[in-house]
Amino acid sequence: MKTTSLLAYMALTANAQGPIDVVPAPTWSTFPFTQSKHPVVIHLTQYPEENSWKITGLNGTAAGITCSRKTGDYDGHFGEQPAETCDLKQGGYRLDCLDDFSDGWHGGKMVIDGKRYCDDFIDGHKKSVEFSICNDPLPITQH
């Protein structure tokens, strides 16, 4: 009986065409990341009819994304408002907090992903801040 070393066998059969396993149904992967929702919530204290805001995507997959509410949209609404429909994707953004009467948001604020913005907007017509949305972390498993 003739024997062949394992390394020699691997070298001889590396380019051999043998049976190929076929996946019966396509599989989908969310690699390298998934993108969850990033809630945008405004909290109003005084003179909500004066408040408005605009979010503008600056770079990454955020480029071209714009969300806003105009003056008067919150007339008569106080406290935490329902989350806005604003599909934020990965990238950089500019948030413009606006006040028609030029005296700030009187303690109001915008909360995005749990982080507060414009809570120090106490004077003027506009306060601009930049923020980023990052990829969701990859799930870590022990397999």
Side-chain angles (χ1 to χ4, degrees), residues 4-143:
T4 306
S5 73
L6 180 59
L7 287 175
Y9 175 78
M10 290 172 61
L12 291 171
T13 60
N15 293 325
Q17 296 293 322
I20 299 173
D21 290 332
V22 178
V23 176
T27 58
W28 299 98
S29 172
T30 57
F31 185 79
F33 63 88
T34 58
Q35 192 75 57
S36 61
K37 299 288 183 189
H38 302 279
V40 174
V41 178
I42 189 167
H43 298 255
L44 302 165
T45 57
Q46 299 177 32
Y47 309 107
E49 65 278 2
E50 298 175 4
N51 296 353
S52 60
W53 56 270
K54 182 175 182 179
I55 295 175
T56 306
L58 302 175
N59 55 47
T61 55
I65 294 176
T66 303
C67 305
S68 64
R69 291 295 291 261
K70 63 185 185 312
T71 301
D73 283 354
Y74 299 111
D75 192 15
H77 297 269
F78 294 90
E80 180 177 322
Q81 302 303 302
E84 300 289 342
T85 304
C86 188
D87 192 19
L88 301 179
K89 300 291 184 195
Q90 178 196 10
Y93 292 89
R94 182 182 64 244
L95 166 63
D96 294 323
C97 299
L98 306 164
D99 181 74
D100 258 13
F101 204 68
S102 296
D103 59 352
W105 277 10
H106 306 281
K109 62 185 175 261
M110 177 75 74
V111 178
I112 302 170
D113 272 350
K115 185 170 181 188
R116 299 183 322 181
Y117 297 95
C118 298
D119 55 343
D120 58 349
F121 180 27
I122 57 172
D123 187 33
H125 171 67
K126 177 168 89 171
K127 173 160 179 91
S128 296
V129 292
E130 291 190 7
F131 67 95
S132 295
I133 298 291
C134 298
N135 290 338
D136 293 342
L138 293 173
I140 298 174
T141 63
Q142 294 182 1
H143 294 107

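It should be emphasised that the depicted structure is a prediction, and the values quoted were computed from it without experimental measurement.
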Say you draw a straight line from NZ of Lys126 to CG of Asp96; how long is it, rounded to the nearest 0.5 Å?
4.5 Å

What's the spacing between Arg94 CZ and Thr56 OG1 if we round to 0.5 Å?
5.0 Å

How close do Ile55 and Cys86 get, counting heavy atoms only, and between which atoms?
CD1-SG, 4.4 Å

Taking atom NZ of Lys54 and atom NZ of Lys70, what is their separation to the nearest 0.5 Å?
14.0 Å

Could you pull out the closest heavy-atom pair between Glu49 and Asp75, with the gap in Å?
CB-OD1, 3.4 Å

Using the rule given for side-chain contact (heavy atoms from CB on, under 4.5 Å), can you reason through Lys37 versus Asp87, listing the C-alpha separation, both sets of side-chain angles and the distance that settles it, and then say yes or no?
CA-CA 7 Å; Lys37 299 288 183 189; Asp87 192 19; 4.3 Å; yes

Closest non-hydrogen contact found for Gln46 with Phe78 is CA-CE2, 4.2 Å

Checking Ile42, Asp119, Val129, Val41 against Met110 for side chain to side chain contact (heavy atoms under 4.5 Å, CB included), the one that qualifies is Ile42

Taking Trp105 for the side chain and Leu98 for the main chain, is one N or O donor matched with an acceptor at less than 3.5 Å?
yes

Does any N or O in the side chain of His43 come within less than 3.5 Å of the main-chain N or O of Gly79, such that one atom is a donor and the other an acceptor?
no

Rounded to the nearest 0.5 Å, how far apart are CD of Gln90 and NE2 of His38?
9.0 Å

Run the side-chain contact (heavy atoms from CB on, under 4.5 Å) check on His106 and Asn51 step by step: do they pass?
CA-CA 10 Å; His106 306 281; Asn51 296 353; 5.6 Å; no

Flag if over 12 foreign heavy atoms under 6.0 Å of CZ, Phe101
no

One pair to check against side-chain contact (heavy atoms from CB on, under 4.5 Å): Leu88 and Asp113. What are the steps and the verdict?
CA-CA 10 Å; Leu88 301 179; Asp113 272 350; over 6 Å; no

How are the rings of Tyr93 and Phe131 set to each other: parallel, tilted or perpendicular (split at 30° and 60°)?
parallel

Look up atom CZ in Phe121 and atom OG in Ser128, then write down how far apart they are to the nearest 0.5 Å.
9.0 Å

Between Val40 and Cys67, does the side-chain contact (heavy atoms from CB on, under 4.5 Å) criterion hold? Intermediate values first, please.
CA-CA 10 Å; Val40 174; Cys67 305; over 6 Å; no

Quick check: does any side chain N or O of Asn59 sit under 3.5 Å from a backbone N or O of Gly92, one acting as donor and the other as acceptor?
yes

Atom OG of Ser52 and atom CG of Asp99: how far apart are they, to the nearest 0.5 Å?
8.0 Å

List the atom of Ile65, the atom of Thr61, and the distance in Å for their closest heavy-atom pair.
CD1-O, 3.8 Å

